[in-house]
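The structure is given below, and queries will be raised subsequently.
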Amino acid sequence: MTIIPIRRALLSVSDKSGLVELGRALAARGVELVSTGGTATALRAAGLDVRDVSDLTGFPEMMDGRVKTLHPLVHGGLLAVRDDPAHVAAMNAHGIGAIDLVVVNLYPFAQTVAKGAGREEVIENIDIGGPSMVRSAAKNHAFVAIATDPADYPELIAQVAAEGGTTLDMRRRLAAKAFAATAAYDAAIGAWFAGVDQGETLPATMTVALGKAADLRYGENPHQQAALYLPAIAAAGIAQAEQVQGKALSYNNYNDADAALELVAEFRDGPPTVVIVKHANPCGVASGDTLIDAYRAAFACDTVSAFGGIIAVNRPLDGPTAEAISGIFTEVVVAPAADDAARAVFAGKKNLRLLLTGTLPDPRRDGLMLKSIAGGMLVQSRDAGHVAAADLTVVTRRQPTADELADCLFAWTVAKHVKSNAIVYARGSQTAGIGAGQMNRLESARIAAWKAKDAADKAGWPTPLTIGSAVASDAFFPFADGLLAAVEAGATAVIQPGGSIRDADVIAAADDAGLAMVFTGMRHFRH
């Protein structure tokens, strides 16, 4: 039997969206409505007849509502296999009536955590009876329909009206969704207990619950499938940004836009700053007195790679900056906000996506990063590392000047977001050259210097910006050769983690070249 008529429905919901409409549609077909607490109150307020669960079970709700649906007369009506004679006999012997539809959504656990509630309130928002009913109904989906999402109510109403009941196909789909909902719910509870309650960053068992927000056209390549998923507790980021215009974002757009946002967030309390990213690597970063000044400086670092890139800014986007950006093809622009003039400029660029984040994420926030490998998953805490001038150790005879120290910290901040091996030259709050993702540090230093010379040639500058620059290396120089390449490029100051067995050789080479070098004691590998 595939069509199961609905004669009795049990409704108990936290989210009352669409509840009254569903209740009226069911009541109009003569369905007996059984309910609890606030759900029953809402249905009665709409003029519907509702039978209390306590009337069905013969037991009152007790213990502040903790015990109300955990009863054989409820779960027997959900779990009974209707075409099994023994089950039917048991129902008859014990006066258990069948329940054909369960409408349940669970206590708002994630929302309670998100609002910063105390431990006792969080614990009280762990639903017990709800998940039990959901799982009972979902297990017995051959005979029982389970609706856990108000978005499914219209289809449910339409099918009952057209078919007189629910089809097996619908019950299967609803059951799959129901089990996913309870799994996600338990995952959120487990994560809270491990992280907030017990302070475990990497617990013995890790459960990750994500809800699909959108299907994407494809993944990194057209033969790959992709989708965007969101955590139960929302955060501020690319995934939550408002898309003002432009076609749908691709997998690569999301990935690159996130890289740009994470880097520009490092400057959220600093002067106007612009980041240009291509293939998840920054190709130009600069700060300035105004956003348009910062954009022009960032663009000058690599005018070729910027074509078709992603741009992120740390200030509300203004019209003049938008005009400058629109001078070349840009895939995505990310900003906290945009004024009317900027929106009007971009409105003429139908393929450009404008994303408004409202705020910038905290670069020092906690969080985990997951990466799948063959047969398993690597999990690590996110790189929230930060160094300030007071954290640096000068290891050369010459002390850095104030300007060199500022350039060192700027280059270091950018290098954190460049794929290893990373070398970044910077001068005057502007990247001069970026070398990313090479198999050895010497080649990264040479590539960054070559890109700086190419930028100078294109701009008509007399010398590249690497002359008098600071150079940052995301990890220690294993040999002096990479350092010497930076000297050849014109760098006068170096910032690096230190920690190599050949540190003494590298320091000696720096002293011989008259460089100022500081150690951070922290590296920023980015694979």
For the residue pair P108 and N125, what are the closest heavy atoms and their distance? CD-OD1, 3.5 Å
Start with the C-alpha distance between H524 and W412, add both sets of side-chain angles, then the distance that settles side-chain contact (heavy atoms from CB on, under 4.5 Å), and finish with yes or no. CA-CA 9 Å; H524 283 306; W412 178 254; 3.3 Å; yes
Heavy-atom count around Q224 CD within 6.0 Å, excluding the residue itself: above 12? yes
Cationic N near anionic O, under 4.0 Å, K453 to D457: yes
Taking Q243 for its side chain and K247 for its backbone only, find out whether a donor-acceptor pair lies under 3.5 Å. yes
Is the shortest side-chain heavy-atom distance between L484 and L442 below 4.5 Å? no
Nearest non-hydrogen partners of L360 and P336, listed with the distance: CD2-CG, 4.1 Å
Test D403 against T401 for side-chain hydrogen bond (donor to acceptor under 3.5 Å, both in side chains), laying out the working first. CA-CA 5 Å; D403 287 344; T401 66; 5.4 Å; no
Between L370 and V208, is there a side-chain heavy-atom distance shorter than 4.5 Å? yes
Around atom CZ of R135, are there more than 12 heavy atoms from other residues, nucleotides or ligands closer than 6.0 Å? no
So does E262 pair up with R365, basic N to acidic O under 4.0 Å? yes
Is there a side-chain contact between L317 and I325 in this structure, where contact means two heavy atoms from C-beta onward sitting under 4.5 Å apart? yes
For atom CZ of R217, is the number of surrounding heavy atoms from other residues, nucleotides or ligands below 6.0 Å larger than 12? yes
Can you tell me if M377 has over 12 outside heavy atoms packed within less than 6.0 Å of its CE? yes
Donor-acceptor pair, distance only, cut-off 3.5 Å: does the side chain of K371 make one with the backbone of Q380? no
Examine distances only and state if a side-chain atom of S473 and a backbone atom of A475 form a donor-acceptor pair shorter than 3.5 Å. yes
Heavy-atom check, side chain of V424 versus side chain of V418, under 4.5 Å: yes
Of all residues at least two apart in sequence or in a different chain, which pass the side-chain hydrogen bond (donor to acceptor under 3.5 Å, both in side chains) check with T413? none
Less than 4.5 Å apart, side chain to side chain, heavy atoms only: is that true for P231 and L210? yes
State whether D362 and R268 are salt-bridged, where the test is any N-O pair (Lys NZ or Arg NE/NH1/NH2 against Asp/Glu carboxylate O) under 4.0 Å. yes
Can you tell if the side chain of H223 reaches within under 4.5 Å of the side chain of Y218, non-hydrogen atoms only? no
Is it true that the side chains of S17 and D15 contain a donor and an acceptor less than 3.5 Å apart? yes
Taking side chain as C-beta onward, heavy atoms only, is R353 less than 4.5 Å from L249? yes
Lys/Arg N to Asp/Glu carboxylate O, R526 vs D383, below 4.0 Å: no
For N221, does the CG atom sit with more than 12 other heavy atoms under 6.0 Å from it, leaving out its own atoms? yes
Around atom CZ of R172, are there more than 12 heavy atoms from other residues, nucleotides or ligands closer than 6.0 Å? no
Would a distance-only check, ignoring hydrogens and angles, find a side-chain to backbone donor-acceptor pair under 3.5 Å from E404 to A470? no
Donor-acceptor pair, side chain of S469 and main chain of Y425, under 3.5 angstrom: no
Search all heavy atoms of I467 against all heavy atoms of A489 and return the closest pair with its distance. CD1-O, 3.6 Å
All heavy atoms of A415 vs all of A472, minimum pair found to be CB-CB, 4.1 Å
Using every non-hydrogen atom in the two residues, find where S326 and V345 come nearest and quote the distance to one decimal. OG-CG1, 3.9 Å
For Y295, what residues pass the ring pair (Phe, Tyr, Trp, His ring centres under 6.0 Å) criterion, not counting sequence neighbours? F299
Out of I423, V506, D474, L483, which residue meets the side chain to side chain contact (heavy atoms under 4.5 Å, CB included) rule with Q496? V506
Show your reasoning for whether side-chain contact (heavy atoms from CB on, under 4.5 Å) applies to E220 and N252. CA-CA 6 Å; E220 284 184 289; N252 290 333; 3.5 Å; yes
Considering all heavy atoms of both residues, which atom of R398 and which atom of T492 are nearest to each other, and what is their separation? NH2-O, 2.8 Å
What's the spacing between I189 CD1 and I123 CD1 if we round to 0.5 Å? 8.5 Å
Give a yes or no answer on whether the side chain of D503 reaches the backbone of G499 with a donor-acceptor pair at less than 3.5 Å. yes
Counting C-beta onward and ignoring hydrogens, is there a side-chain heavy-atom pair between F109 and V122 closer than 4.5 Å? yes
Is there a donor-acceptor contact under 3.5 Å from the side chain of D302 to the main chain of G433? no
